[in-house]
Number of protein chains: 2
Amino acid sequence: MESPLASFVKNKRKLLNLTQPDLASKAGVGLRFIRELEQGKTTLRLDKVNQVLQLFGHEIAPVLNKKNNADV
Amino acid sequence: MESPLASFVKNKRKLLNLTQPDLASKAGVGLRFIRELEQGKTTLRLDKVNQVLQLFGHEIAPVLNKKNNADV
DNA sequence: AATTTTTATACCTTATAGGGTATAATTTTA
DNA sequence: TAAAATTATACCCTATAAGGTATAAAAATT
């Protein structure tokens with residue numbers, strides 16, 4: 001499964017020439033977490049994801065959905 | 001603790017005149033989850049948060065951080 | 001193409017997220 | 001201001017996220 005979040009992290013990491021272990025230790029999360037994140041696992045914890053995104057000057061936030069159905 | 005995500009959900013819910021139980025059942029998550037979400041708990045699961053945001057036509061995504069430090 | 005580096009997969013363990021429920025507190029409405 | 005409705009807090013339980021480690025596979029380097 002390819003998720004936007006997964007691609008985002010993988011790309012940013014590559015841009016900085018970091019390995020997964022590099023990123024893991026910089027972010028203070030486990031190596032396995034980075035792998036699951038980059039592979040699009042959906043059941044990740046918000047705070048851990050943010051720990052990683054922070055390294056890239058980003059954070060998780062609600063944004064408008066493409067396939068919209070804002071019709072509760 | 002007041003988080004942007006928490007406020008977002010609370011506001012959207014209010015706009016639609018839903019109670020927390022309403023939102024919980026519409027989103028297919030537990031009532032407790034909605035409460036923790038609206039109270040700014042940070043260790044929530046990404047997929048559950050998305051289940052809720054979807055009702056508002058939104059989803060979680062990485063956005064630029066205010067307090068930036070994109071200097072790995 | 002052989003070696004090294006990086007990434008992926010699989011297993012075990014521990015801490016806890018999330019569901020449920022019951023009760024208390026707060027807010028709303030009559 | 002009582003009564004009703006909504007939200008908050010606290011408990012128990014189960015499933016699993018996340019860490020670690022070991023090995024396999026794949027990519028990159030020489």
Side-chain angles (χ1 to χ4, degrees), chain A residues 1-65 67 69-72, chain B residues 1-65 67 69-72:
Chain A
M1 276 235 67
E2 199 45 6
S3 91
L5 179 57
S7 317
F8 179 85
V9 171
K10 206 182 306 189
N11 291 335
K12 283 288 186 181
R13 176 173 66 79
K14 289 293 176 68
L15 281 175
L16 296 164
N17 275 294
L18 299 175
T19 65
Q20 288 175 343
D22 288 343
L23 183 55
S25 64
K26 289 221 179 211
V29 302
L31 174 54
R32 243 204 32 206
F33 180 84
I34 296 293
R35 289 180 175 152
E36 291 174 336
L37 174 54
E38 292 196 357
Q39 283 167 26
K41 186 175 180 182
T42 60
T43 56
L44 302 170
R45 259 172 50 181
L46 213 59
D47 62 330
K48 297 285 170 184
V49 175
N50 272 325
Q51 262 177 263
V52 176
L53 293 186
Q54 212 162 11
L55 291 180
F56 307 136
H58 282 66
E59 65 186 339
I60 241 42
V63 301
L64 263 165
N65 207 329
K67 297 111 179 285
N69 67 314
D71 37 26
V72 181
Chain B
M1 277 235 69
E2 199 45 5
S3 92
L5 179 58
S7 315
F8 179 86
V9 171
K10 207 183 305 191
N11 290 336
K12 282 290 185 181
R13 177 174 65 78
K14 288 293 176 67
L15 281 174
L16 295 163
N17 275 294
L18 299 175
T19 66
Q20 289 174 343
D22 288 342
L23 183 54
S25 65
K26 286 220 182 212
V29 302
L31 174 54
R32 241 204 32 206
F33 180 84
I34 296 293
R35 288 179 175 153
E36 291 174 335
L37 173 54
E38 292 196 357
Q39 283 166 25
K41 186 175 181 182
T42 61
T43 56
L44 301 170
R45 260 173 48 184
L46 214 59
D47 61 331
K48 297 284 171 184
V49 175
N50 272 325
Q51 261 177 264
V52 175
L53 293 186
Q54 212 160 12
L55 291 181
F56 306 136
H58 283 66
E59 65 187 338
I60 240 44
V63 301
L64 262 165
N65 206 330
K67 297 112 179 284
N69 67 316
D71 38 25
V72 182

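Keep in mind that the numbers below use all heavy atoms, side chains included, and drop hydrogens, waters and symmetry copies. Chain identifiers are assigned alphabetically (A, B, ...) following the order of the sequence lines, protein sequences preceding nucleic acid strands; residue numbering begins at 1 within each chain.
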- Task: Provide the start and end nucleotides, 5' to 3', of the part of DNA chain D that has atoms under 4.0 Å from heavy atoms of chain B.
- Result: D/dT6 to D/dA17
- Using side chain to side chain contact (heavy atoms under 4.5 Å, CB included) as the criterion, list what pairs up with A/Arg35, not counting sequence neighbours. A/Gln20, A/Leu31, A/Gln39
- Query: Does B/Lys48 put a side-chain nitrogen or oxygen below 4.0 Å from OP1 or OP2 of C/dG19?
  - Reply: yes
- Task: Can you measure from CD1 (B/Ile60) to OG (A/Ser3) and round to the nearest 0.5 angstrom?
- Result: 12.5 Å
- Quantified as the angle between the terminal helix axes (five pairs each), what is the overall bend of the helix from C/dA1-D/dT30 to C/dA30-D/dT1 to 10 degrees? 70°
- Find out whether A/His58 and A/Phe8 are in side-chain contact, i.e. whether some heavy atom of one side chain is under 4.5 Å from a heavy atom of the other. yes
- Length of the line joining A/Asp47:CG and C/dA15:C1', which is rounded to integer Å: 13 Å
- Message: Please report the distance, rounded to the nearest Å, between CZ in A/Arg13 and P in C/dA8.
- Response: 8 Å
- Item | 5' precedence on DNA chain D between B/Pro21 and A/Gly28 (nearest-nucleotide basis) | B/Pro21
- Task: Could you pick out which residue, B/Arg35 or A/Gln51, lies toward the 5' side of DNA chain D when each is mapped onto its nearest nucleotide?
- Result: B/Arg35
- Item | Side-chain donor/acceptor of A/Glu38 to backbone N/O of A/Ser7, under 3.5 Å | no
- Atom NZ of B/Lys48 and atom OG1 of A/Thr43: how far apart are they, to the nearest 0.5 Å? 10.0 Å
- Which is true for A/Leu31 with a 4.0 Å heavy-atom rule: it touches a base, it touches only sugar-phosphate, or it touches nothing? nothing
- Message: When you compare the side chain of A/Leu23 with that of A/Phe56, does any pair of heavy atoms fall below 4.5 Å?
- Response: yes
- Do A/Leu5 and A/Leu53 have side-chain heavy atoms sitting under 4.5 Å apart? yes
- Given side chains that start at C-beta, do those of A/Thr42 and B/Leu46 come closer than 4.5 Å, heavy atoms only? no
- Task: Provide, to the nearest angstrom, the distance between the CG atom belonging to B/Leu44 and the C1' atom belonging to C/dG19.
- Result: 14 Å
- Message: Counting only side-chain nitrogens and oxygens, does A/Gln20 get under 4.0 Å of the OP1 or OP2 atom of C/dT5?
- Response: no
- Atom CZ of A/Arg32 to atom P of C/dA15: distance rounded to whole Å? 15 Å
- Task: Give the intermediate values and the outcome of side chain to side chain contact (heavy atoms under 4.5 Å, CB included) for residues B/Glu36 and B/Leu44.
- Result: CA-CA 8 Å; B/Glu36 291 174 335; B/Leu44 301 170; 4.2 Å; yes
- Query: What is the distance from NZ of A/Lys10 to P of C/dT7, rounded to the nearest Å?
  - Reply: 10 Å
- Looking across every strand, which nucleic acid part, if any, lies under 4.0 Å from A/Arg45 by heavy atom: base, sugar-phosphate, or nothing? sugar-phosphate
- Item | For atom CG of A/Leu46 and atom C1' of C/dT16, their distance in whole Å | 15 Å
